[in-house]
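Structure, as structure tokens:
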Protein chains: 2
Amino acid sequence: MRRDVFQAIADPTRRAILSMVAEQPLNVNTVSENFDVSRAAIYKHMKILIECGLIDVKQQGRERYAEAKLQKLSEVNDWIQQYKQFWEAKLDSLEAYLEKLKTERNNDNRNK
Amino acid sequence: MRRDVFQAIADPTRRAILSMVAEQPLNVNTVSENFDVSRAAIYKHMKILIECGLIDVKQQGRERYAEAKLQKLSEVNDWIQQYKQFWEAKLDSLEAYLEKLKTERNNDNRNK
DNA sequence: ATTAAATGAAACCTTTTGGTTTCACAAATG
DNA sequence: CATTTGTGAAACCAAAAGGTTTCATTTAAT
């Protein structure tokens with residue numbers, strides 16, 4: 001079992017579960033009603049999220065409510081941030097280019 | 001083949017390849033020298049990175065240089081950002097709590 | 001006391017993943 | 001020209017991932 005955050009969020013179903021649980025704590029049955037796979041499949045996904053610390057479970061009678069614990073996502077965030085400059089630089093120069101185009105167009109109009 | 005960015009960065013080897021290639025364009029052989037798996041295995045990882053748009057290949061004679069194209073990471077960044085408040089809120093209140101503790105300790109000292 | 005509901009886990013199956021060795025081919029070099 | 005080098009891709013393999021059905025257990029409800 002690798003079970004790191006990067007691998008946990010790689011699966012779209014697990015991301016969907018996270019987004020549901022981030023709004024409010026939910027039990028396995030309620031979560032699984034929103035998917036077209038079996039409860040057991042959803043349970044396994046949730047187990048992975050638990051094991052890597054992205055959700056936490058509070059027992060209440062016979063039900064267990066899963067609560068999002070998103071601090072671990074900061075690990076992914078940190079990794080991403082080191083590369084942010086790479087794509088933002090590109091966007092900045094595109095923006096500058098578009099700005100330049102706009103200015104030139106204005107000048108053209110002015111000279112008509 | 002699912003081949004989305006989330007899945008691409010789930011593998012630690014692929015993240016390592018990305019970090020190498022982000023510094024400078026490198027060919028498959030050079031990249032694979034830095035790992036203890038076969039060139040073919042590294043080639044497959046790089047193919048996945050190419051297919052999901054995280055790297056780009058420029059041919060130069062018989063060599064092909066892989067260049068990082070990290071814009072696609074913004075997809076992951078966007079996803080992460082929507083949850084940032086969740087873990088930052090927690091950190092903020094911890095910070096506030098520690099600050100309060102410190103203040104109280106100072107008051108205690110003053111009253112000695 | 002029975003029955004129903006919510007859960008965890010096992011047994012099993014298929015597809016995907018990450019790896020290997022091997023081969024073919026194009027480009028550089030002696 | 002013959003050989004080495006860099007590459008892409010195929011054939012194959014073991015393990016992991018994602019799914020299923022089934023069963024046992026605990027708690028709630030009739």
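First the proteins, then the strands, lettered A, B, ... as listed; each starts at 1.
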task = Please state how far atom CZ in A/Arg3 lies from atom P in D/dA17, giving the value in whole angstrom units.
result = 6 Å
key: A/Gln59 side-chain N/O to A/Gly61 backbone N/O, donor-acceptor pair under 3.5 Å   = yes
request  = Verify, without hydrogens or angle tests, whether A/Glu23 (side chain) and A/Met20 (backbone) share a donor-acceptor contact under 3.5 angstrom.
outcome  = no
key: Flag if over 12 foreign heavy atoms under 6.0 Å of CG, B/Asp78   = yes
Test side chain to side chain contact (heavy atoms under 4.5 Å, CB included) applied to A/Ile55 and A/Ile50, A/Ile48, A/Leu26, the passing residue = A/Ile50
request  = Classify the side chain of A/Arg39 and the base of D/dG19 as holding, or not holding, a donor-acceptor pair under 3.5 Å.
outcome  = no
request  = Determine yes or no for a side-chain-to-main-chain donor-acceptor pair under 3.5 angstrom, with B/Arg39 supplying the side chain and B/Ser32 the backbone.
outcome  = no
query = Looking at C/dG19, does its base get a donor-acceptor pair with the side chain of B/Lys44 below 3.5 Å?
reply = yes
inquiry  = Hydrogens and angles aside, do A/Gln81 and A/Asn77 bring a side-chain donor and acceptor to less than 3.5 Å of each other?
reply    = yes
task = Could you identify which residues of residues 26-35 of chain A place a heavy atom less than 4.0 Å from some atom of DNA chain C, listed by residue number, or say none?
result = A/Asn27, A/Val28, A/Asn29
ask   = Can a side chain N or O of B/Gln7 be found less than 4.0 Å away from OP1 or OP2 on C/dT16?
value = no
DNA chain C contacts made by residues 57-66 of chain A, counting heavy atoms under 4.0 Å = A/Arg62, A/Glu63, A/Arg64
query = Quick one: which of C/dA9, C/dG19, C/dG18 gets closest to the side chain of B/His45?
reply = C/dG19
key: Distance-only side-chain donor-acceptor flag, B/Glu63 / B/Tyr65, under 3.5 Å   = yes
